[in-house]
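The sequence lines fix the lettering, A, B, ..., with proteins before strands; numbering per chain opens at 1. Values below: all heavy atoms of this structure, side chains included; hydrogens, waters and symmetry mates excluded.
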There are 2 protein chains.
Amino acid sequence: MDNQELRKAGLKVTLPRVKILQQLEDADGRHMSVEDIYRALLEAGEDVALPTIYRALEKFEQAGLVESHKFEDGPAVYELAQDEHHDHMFCLDTNKVIEFVDPEIEKRQKMIAEQHGYELVDHTLVLYVRPKKKS
Amino acid sequence: MDNQELRKAGLKVTLPRVKILQQLEDADGRHMSVEDIYRALLEAGEDVALPTIYRALEKFEQAGLVESHKFEDGPAVYELAQDEHHDHMFCLDTNKVIEFVDPEIEKRQKMIAEQHGYELVDHTLVLYVRPKKKS
DNA sequence: ATGAATGCAAAAACTTTGCATGACG
DNA sequence: CGTCATGCAAAGTTTTTGCATTCAT
């Protein structure tokens, strides 16, 4: 099943790639770092080298299968690409990541870029938040 | 004059700190990496160690004197803190950085955080753009 | 068979830390 | 003077690269 995804993306189907993709699927929305994937595979008895994971994810991203993000400091994290674009909210207390979309914000970004004579290629928007304290 | 800024911020006024702050002032809006500052100081005949620059900027940022940003990959870049908050547009062709503010986007960010039960502490918004191609 | 992917080791890029010395207040 | 900043060297973290071997098609 992953094989189809990879093949469809024009990527050679190898065991490491299938396993890495599976990890992201099993993560079911949670964002994983390369290290996370590496350790998860180790525990599953699969021994995949770190550079392989970096290279696979790079390919996956180029193919549009996954997206990477960098929150605050720390390593890049990866998630399966979803149908609709979304931005992220990062909770500074719990490190929890929440996804959201705001059509109005999206629209204005495009508008602002164009007002400056540019074409909007991509954007990153991360809201750093804390649980609202009840007063 | 920088001395006042530093003193006012409760920071000990040392030669390296003054020189570093000067570089950011001379940069006049352009964002500088630690390496940029380091080399600029070297060329100016000032010999300041890299860790000193990192540590000084860390202090400056805590004191609200400077802001740091990370665009795509590459090193963190620093700029003098300005009165009003702003976001950034990063040109993928020229690496030029353009600053902008959109009150509507600001408002909606806050709203979205609150709708999810959070308090908006900070945010990063970077538009990655390319010069509009004339068709 | 051929080109691409892997694994290993090594390096690169950026940043931080430990510790002895020196400077600010 | 006591404390904090500095410089140096070394290490830490994350990511990339070179190269020989293996694998997919």
For [X] and [Y], indicate whether the former's side chain and the latter's backbone hold a donor-acceptor pair under 3.5 Å.
X	Y	answer
Arg30(B)	Ala27(B)	yes
Tyr78(A)	Glu61(A)	no
Arg17(A)	Lys12(A)	yes

Would you say a side-chain N or O of [X] is under 4.0 Å from OP1 or OP2 of [N]?
X	N	value
Tyr54(A)	dT16(D)	no
Thr52(A)	dG7(C)	yes
Thr14(B)	dT6(D)	yes
Arg55(A)	dT15(D)	no

Taking [atom1] from [X] and [atom2] from [N], how many angstroms apart are they, rounded to a whole number?
X	N	atom1	atom2	answer
Ile20(B)	dG7(D)	CD1	P	8 Å
Leu11(B)	dT3(D)	CG	C1'	15 Å
Glu46(B)	dG7(D)	CD	P	11 Å
Asp47(A)	dG7(C)	CG	P	7 Å
Glu58(B)	dC4(D)	CD	P	15 Å
Glu35(B)	dC14(C)	CD	P	8 Å
Arg7(A)	dA4(C)	CZ	P	17 Å
Leu42(B)	dG7(D)	CG	P	11 Å

Note to self: Need to verify one output field. Residue with the more 5' nearest nucleotide on DNA chain C, Lys59(A) or Leu50(B)?
What the structure shows: Lys59(A)
Next item on the list: Between Pro16(A) and Leu15(B), just flag the one whose closest nucleotide in DNA chain C comes earlier from the 5' side.
Entry: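 Whichever sits nearer the 5' end wins; that is Pro16(A).
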Note to self: If we check side chain to side chain contact (heavy atoms under 4.5 Å, CB included) with Leu24(B), which of these qualifies: Leu65(B), Asp36(B), Ile37(B)?
What the structure shows: Ile37(B)
Check: Relative to the 5' end of DNA chain D, which residue comes earlier, Gly74(A) or Val13(A), by the nucleotide with the nearest heavy atom?
Finding: Gly74(A)
Item checked: Residue closer to the 5' end of DNA chain D, Pro51(B) versus Arg17(B) (nearest nucleotide) -> Arg17(B)
Notebook entry, point to check: In a check of side chain to side chain donor-acceptor pair (under 3.5 Å) between His31(B) and each of His88(B), His69(B), Glu67(B), which one passes?
Noted result: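 Of the listed residues His88(B), His69(B), Glu67(B), the side chain to side chain donor-acceptor pair (under 3.5 Å) partner of His31(B) is His88(B).
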Item checked: Touch class at under 4.0 angstrom, heavy-atom based, for Val34(B) against every strand present -> nothing
Check: So what does Ala76(B) touch, heavy atoms closer than 4.0 Å: a base, only the sugar-phosphate, or nothing?
Finding: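 The answer is sugar-phosphate, as Ala76(B) gets under 4.0 Å only of primed atoms, P, OP1 or OP2.
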